[in-house]
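Scroll down for the structure; my scribbles are underneath it.
First listed ligand is number 1; within each ligand, the first listed atom is number 1.
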Amino acid sequence: MPVINFSSVRKYVDVPDDAERILSRPEKQQIYNLNVHHDQGLLVQTDAYVVYYSTVRGPAKGGIRFWHDVNLEETTTLAELMVWKTALTGIPFGGGKSGIRADHHKLTRFQKTVIMKEFIHLLRNDVVEGTYIPAPDMGTNPIDMAVIFGETHITECVTGKPVGVGGLPGRLQATGRGVSTIADMTAAHLLNKPVEDISVAIQGFGNVGSWTAHFLYGKGARVVAVSDIDGGIADSKGLNVPELMAHKTEGNPVVDLPGSARISNEELLAMDVDILIPAAAGEVIVPANAADIRAKAVVEGANHPVVAEADPILRENNILVVPDILTNAGGVVASYVEWHKGKSGALSGEQETFEVVDKLLGDAFLHMKDLAGDSTDDLRNAAMALAAGKVVQSMKERGWI
Ligand code: NAD
């Protein structure tokens with residue numbers, strides 16, 4: 001089943017039946033068996049998945065997830081979300097994703113590099129031709145993207161690279177930057193509160209969660225709780241985010257920060273805050289815990305953190321949900337800028353990246369809000385409708401429907 005709910009989206013936009021049929025299935029799904037030799041000749045075998053969900057609007061764009069439990073179904077869902085994300089923000093890419101099924105926490109840098117190189121070796125033609133343009137996702141980082149660059153020496157074939165090898169200043173922070181911009185606009189336009197007056201709880205303190213905290217703290221919001229896979233910490237007066245960032249940069253779990261009260265991930269999700277930002281794994285708000293959520297708004301930093309069956313429960317409890325395809329699109333917007341600059345050779349700075357992210361996401365937020373009108377409990381479908389309208393238009397222009 002696709003993530004998009006065509007019958008709900010048709011409230012806002014015409015989606016012809018043939019478009020629904022085409023968009024209900026991924027264009028291409030590939031399963032690779034990775035065989036790599038690690039130290040002392042140890043043979044490690046694992047699976048990798050690559051999905052191109054739709055390339056009607058451009059090449060398949062999407063990150064590489066390197067996590068112990070990735071599977072083909074999850075990779076397909078994430079690839080579909082990229083279709084809507086790129087369309088909603090108006091960047092000329094399609095949607096793709098890949099997943100490598102391995103626990104990166106248990107690998108040395110050398111072992112992970114060997115796996116990345118083997119993966120790109122198998123996917124080489126698509127990456128070199130620009131059919132698929134990878135980027136970081138959970139468990140991958142700029143160094144992994146530099147490994148891909150090292151295999152091809154084509155600057156624009158991968159985004160999210162370190163700045164020293166053709167990366168874009170501001171790309172590392174871009175997803176969190178966009179999440180903070182959308183949280184700010186949610187407060188101002190939907191909760192009628194200035195950002196300085198809001199309390200925020202953030203699940204996940206990796207790339208997205210930590211930079212979201214950084215920017216929201218900079219705007220004056222009170223970040224009252226954060227967590228990672230080992231658990232969380234809370235302080236109703238507001239956490240010292242710069243101290244937390246330094247603590248995390250040294251490789252420490254957030255729960256090890258001295259002097260803060262510990263909470264579990266479940267407790268964090270149920271906190272009475274203005275804005276809850278799930279920014280870790282997917283499918284964390286499900287029917288079993290949706291009724292416990294007490295935030296006024298859930299701003300989806302992660303991909304697919306609220307499952308479809310939990311949406312109506314949040315709606316019944318008057319909890320707004322600002323969807324992932326808008327909220328975390330800052331990363332792919334910055335990736336587009338990186339790809340473009342890689343092709344042209346032009347250079348630019350961090351502030352320019354942030355300005356593009358703020359503008360494209362800000363415009364998309366206002367369009368979504370206008371389309372939803374009084375139905376502020378239906379923002380996901382309004383955002384999906386805007387995206388679907390653009391995808392359908394491209395399908396017509398290409399003679400697919
Ligand atoms: P990351 O690997 O940098 O960080 C993931 C964080 O989540 C870590 O702090 C980890 O400890 C925590 N975590 C993992 N499982 C958890 C669990 N079950 N409970 C609590 N915490 C848990 O990953 P990231 O790049 O920050 O990605 C986070 C989410 O944002 C993912 O859903 C990803 O698809 C999405 N996303 C990432 C980007 C990007 O540019 N990195 C862009 C768009 C969307």
Practice item. Return the residue, atom name and 0.1 Å-rounded distance of the protein heavy atom closest to atom 43 (C) of ligand 1. Key: Asn328 O, 3.5 Å

Check your understanding: So which heavy atom in the protein is nearest atom 33 (C) of ligand 1, and how far is it from that ligand atom?
Key -> Asp137 OD1, 3.1 Å

Side chain or backbone, does [X] bring an N or O within less than 3.5 Å of an N or O on ligand 1?
X: Ala302; result: no
X: Asn207; result: yes
X: Gly331; result: no
X: Ala281; result: no
X: Gly206; result: yes
X: Gly139; result: yes
X: Asn303; result: yes

Practice item. Between Lys85, Met138, Lys97, His104, flag the one that comes closest to atom 23 (O) of ligand 1 by a heavy atom. Key: Met138

Review point. Can you tell which of Thr159, Ile202, Ile229 gets a heavy atom nearest to atom 17 (C) of ligand 1?
Key: Ile229

Give the contacting part of [X] toward ligand 1: side chain, backbone, both or neither, where contact means a heavy-atom distance below 4.0 Å.
X: Asn265; value: side chain
X: Phe66; value: neither
X: Ala279; value: backbone
X: Thr175; value: side chain
X: Arg65; value: side chain

Any carboxylate oxygen within less than 4.0 angstrom of a Lys/Arg side-chain nitrogen, looking at [X] and [Y]?
X: Lys341; Y: Glu352; answer: yes
X: Lys11; Y: Asp378; answer: yes
X: Arg101; Y: Asp69; answer: no

Practice item. Run the ring-centre check on Phe119 versus Phe66 and record whether the distance is less than 6.0 Å. Key: no

Check your understanding: Is the gap between the ring centers of His189 and Phe365 under 6.0 Å?
Key -> yes

Under a 4.0 angstrom heavy-atom cut-off, which atoms of ligand 1 come close to [X]?
X: Phe205; result: 9 (O)
X: Ala280; result: 7 (O), 12 (C), 13 (N), 21 (N), 22 (C), 28 (C), 29 (C), 31 (C), 32 (O)
X: Asp228; result: 9 (O), 11 (O), 20 (C), 21 (N)

Practice item. Consider only side-chain N and O atoms of Thr181 and Asp358, and report whether a donor and an acceptor are under 3.5 Å apart. Key: yes

Check your understanding: Lys85 and Asn328: side-chain donor and acceptor closer than 3.5 Å?
Key -> yes

Check your understanding: Say you draw a straight line from CZ of Arg57 to NZ of Lys61; how long is it, rounded to the nearest 0.5 Å?
Key -> 14.0 Å

Review point. Once you round to the nearest 0.5 Å, how far does OG of Ser54 lie from CE of Met82?
Key: 12.5 Å

What do you reckon, is [atom1] of [X] surrounded by more than 12 foreign heavy atoms closer than 6.0 Å?
X: Glu196; atom1: CD; value: yes
X: His247; atom1: NE2; value: yes
X: Arg10; atom1: CZ; value: yes

Review point. Is the Phe149 ring parallel, tilted or perpendicular to the His153 ring (thresholds 30°, 60°)?
Key: parallel

Review point. Quick one: does Arg171 get within less than 4.0 Å of ligand 1, heavy atoms only?
Key: yes

Check your understanding: Is it true that Gly301 lies under 4.0 Å from ligand 1, counting heavy atoms only?
Key -> yes

